[in-house]
Amino acid sequence: MNASVLPPVRIRSLANANANANTHANAHADATATAAAMRLLPSEPLDHQAHGAVYGNLPRLDPGHIMAAAERSGLSGQGGAAFPAYRKMAAVREAARRARRRPVVVANGSEGEPASAKDKALLWHAPHLVLDGVALAAAAVGADRAFLAVEGGHGLRRYLVETNRQRPSSAVPVTIVEVPSRFLSGQESALVSFLDGGPALPRFQSRPVFEQGVGGDPTLVQNVETLAHLALIARHGPAWYRSGAATSLFTVRYADSTPTVVEAAPGTPLQHLTGAVSGQAILVGGYHGTWLPLEPAARSGREAGAGIRAITGDTSVSAEALGVPLGAGLLAVLPHDRCGLVETASILRYLALESAGQCGPCLNGLPRMAAAFGELARPTPRSDLQQIRDDLSRWAGLVTGRGACRHPDGTARLARSALITFAAEADAHSRGRCRACARPPMLPTATPATSQSTVTD
């Protein structure tokens, strides 16, 4: 395909090729080819023929074998919730049996979060791996139709429609749909609402999506990376995945605004994921994530307060070791010439505007939090700093666990961590000083334009 329509993404692989440089050239080539067949991202976009040459043909597995492989592998969702994939598929299959209805599969490639790029990179470079996973999931639950939802504004729908035409006619029919580029478009009930002709917003519902989803049918919604993993498990076995040899995708953001999609093993140290770039803080888990202070002179893992740990850029520590959820797999390194309060205020304002506006926490709590953080981000002499901090902490507690979806919870998590990580900056702002408020926010709150991507190993 024409590389000029690829998204503006750098791709970096930390996957170990396991090839010994001293081995015979043919053995080296074989090891490299084997490693490529176990990775999520090939070095360039693959059509169906090239996909078969790299990954091999998809084994013919019956539903029982697919379900067993998913269970034994321990595969969990890669969209942020990390729910066991097997349990989700089993729930849909059982709901369909009880209701005597054919289930539906929805592959969720709508990232929504403006700073994230990993799902789009996967769909551009390995679309057939995702579609293999869709076919496996459909066979496992007994679905005879499927949807692949992608984020609008990137040209993905047209590309995937052409890609899907290369598939065998015996494959489960997959309809490619483009959803609005909004933060909550990828939430399960929002996707179902959109596919049923409604707005792409979370909705109140008496029964869960796995029981009553698209058209009232039991519906399996799985992230596209999860489905790609399922396709690799079918080829290499659950023991391979369970051994830790499988990789995951992460989006890393720097001040130059171009995202880097990193393929690495789960548990990879943050210094390796981010490239050991220096800065004052790292946002782990995206816009529903956690700010961690990055202190060059600090001991890795030192408590910064209220469970937030200061980390170093040159110490091997993973997000899992710190007890911080990776969420959507987004990491952002905040450089020293940017203001963390300005960044957080910009994100909170965006999250408040992107809410569904259907429940009290979104209607009242999030706008109040955004407005209060906007005050913190403004360097001006003030005597009410502690009152603003107290209000933000109280509102974060009030909205958590009370929304129709998890949007208020994630927003509160981000605000709480920023209050701790950027406490010294807030003190400076209350005295009218800021080292970087003149700089615009580094992290995007709108969908970037498409352009070319580059791939490096």
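These numbers come from the heavy atoms of this one structure, side chains and all, not from hydrogens, waters or symmetry mates.
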Peer 1: Hey, does Arg253 have a side-chain heavy atom less than 4.5 Å from the side chain of Leu283?
Peer 2: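 In short, these two side chains do not touch, never coming nearer than 4.5 Å.
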Peer 1: Taking Asp217 as the fixed residue, which of Arg102, Arg101, Gln212 is the one that meets the side-chain hydrogen bond (donor to acceptor under 3.5 Å, both in side chains) rule?
Peer 2: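 Result: among Arg102, Arg101, Gln212, Arg101 is the only option passing the side-chain hydrogen bond (donor to acceptor under 3.5 Å, both in side chains) with Asp217.
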Peer 1: Which value, rounded to the nearest 0.5 Å, describes the distance between Leu184 atom CG and Cys362 atom SG?
Peer 2: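 Output value for this atom pair is 7.0 Å.
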Peer 1: For the residue pair Arg12 and His272, what are the closest heavy atoms and their distance?
Peer 2: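 Here Arg12 and His272 meet closest at NH1-O, 3.3 Å.
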Peer 1: As an exercise, state the distance from CZ of Arg406 to OG1 of Thr400, rounded to the nearest 0.5 Å.
Peer 2: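 Reported to 0.5 Å precision, the distance equals 10.5 Å.
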Peer 1: Got a second to check how far Lys118's NZ is from Leu41's CG, nearest 0.5 Å?
Peer 2: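 Output value for this atom pair is 10.0 Å.
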Peer 1: Grab the two heavy atoms, one from Leu232 and one from Ala37, that are nearest each other, plus how far apart they are.
Peer 2: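 Looking at all heavy atoms of both residues, the shortest contact is CD2-O, 3.5 Å.
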Peer 1: Heavy atoms, side chains only, cut-off 4.5 Å: are Ser346 and Glu343 in contact?
Peer 2: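 No - every pair of side-chain heavy atoms lies 4.5 Å or more apart.
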Peer 1: So His128 and His48, would you call those rings parallel, tilted or perpendicular, with 30° and 60° as cut-offs?
Peer 2: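 It falls in the perpendicular class, over 60°.
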Peer 1: Ring centres under 6.0 Å, that's the criterion: do Phe183 and His288 meet it?
Peer 2: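 Yes - the distance between ring centres of Phe183 and His288 falls below the 6.0 Å cut-off.
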Peer 1: Give me the atom names and distance for the closest heavy-atom approach of Val54 to Ala36.
Peer 2: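 Between these two residues, the closest heavy atoms are CG1-O, 4.1 Å.
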Peer 1: How would you list all residue pairs meeting side-chain hydrogen bond (donor to acceptor under 3.5 Å, both in side chains) that involve residues 64-76, not counting sequence neighbours?
Peer 2: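 Pairs touching residues 64-76 that pass the test: Asp62-His65.
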Peer 1: With ring-ring contact (aromatic ring centres under 6.0 Å, His included) as the rule and sequence neighbours excluded, what pairs involving residues 215-237 come up?
Peer 2: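 For residues 215-237, and leaving out neighbouring residues, the ring-ring contact (aromatic ring centres under 6.0 Å, His included) pairs sorted by first residue read His229-Tyr241, His236-Trp240.
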Peer 1: Do the side chains of Arg158 and Glu162 get close enough for a salt bridge, i.e. N-O under 4.0 angstrom?
Peer 2: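 Result for this pair is no, no salt bridge flagged.
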Peer 1: Is any side-chain heavy atom of Met89 less than 4.5 Å from a side-chain heavy atom of Leu220?
Peer 2: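 In short, these two side chains touch, coming nearer than 4.5 Å.
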Peer 1: Among Glu113, Glu151, Glu225, whose salt bridge (charged side-chain N to carboxylate O under 4.0 Å, His left out) with Lys120 holds?
Peer 2: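 Among the candidates, only Glu151 passes.
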Peer 1: Do the non-hydrogen side-chain atoms of Leu443 and Arg338 ever get within less than 4.5 Å of each other?
Peer 2: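 Not touching, per the 4.5 Å side-chain cut-off.
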Peer 1: Please enumerate all residues that pass side chain to side chain donor-acceptor pair (under 3.5 Å) together with Ser189, with sequence neighbours excluded.
Peer 2: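 Ser189 satisfies side chain to side chain donor-acceptor pair (under 3.5 Å) with Gln187 once adjacent residues are dropped.
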Peer 1: Check whether any side-chain heavy atom of Arg413 lies under 4.5 Å from a side-chain heavy atom of Thr290, and answer yes or no.
Peer 2: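 Yes; the side chains approach each other to less than 4.5 Å.
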Peer 1: So do the side chains of Leu191 and Phe147 get within less than 4.5 Å of each other, counting heavy atoms only?
Peer 2: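 No. Closest side-chain heavy atoms not under 4.5 Å.
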Peer 1: Measure the shortest side-chain to side-chain distance between Val399 and Met369 over non-hydrogen atoms and say whether it is less than 4.5 angstrom.
Peer 2: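 The answer is yes, as the side chains (C-beta and beyond) meet within the 4.5 Å cut-off.
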Peer 1: If you define the side chain from C-beta out and look only at heavy atoms, does anything of His407 sit under 4.5 Å from Leu351?
Peer 2: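 Sidechains of Leu351 and His407: in contact.
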Peer 1: For the pair Thr421 (side chain) and Trp291 (backbone), establish whether a donor and an acceptor sit closer than 3.5 Å, ignoring hydrogens and angles.
Peer 2: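 Yes; judged by distance alone, with no hydrogens or angles, the pair exists.
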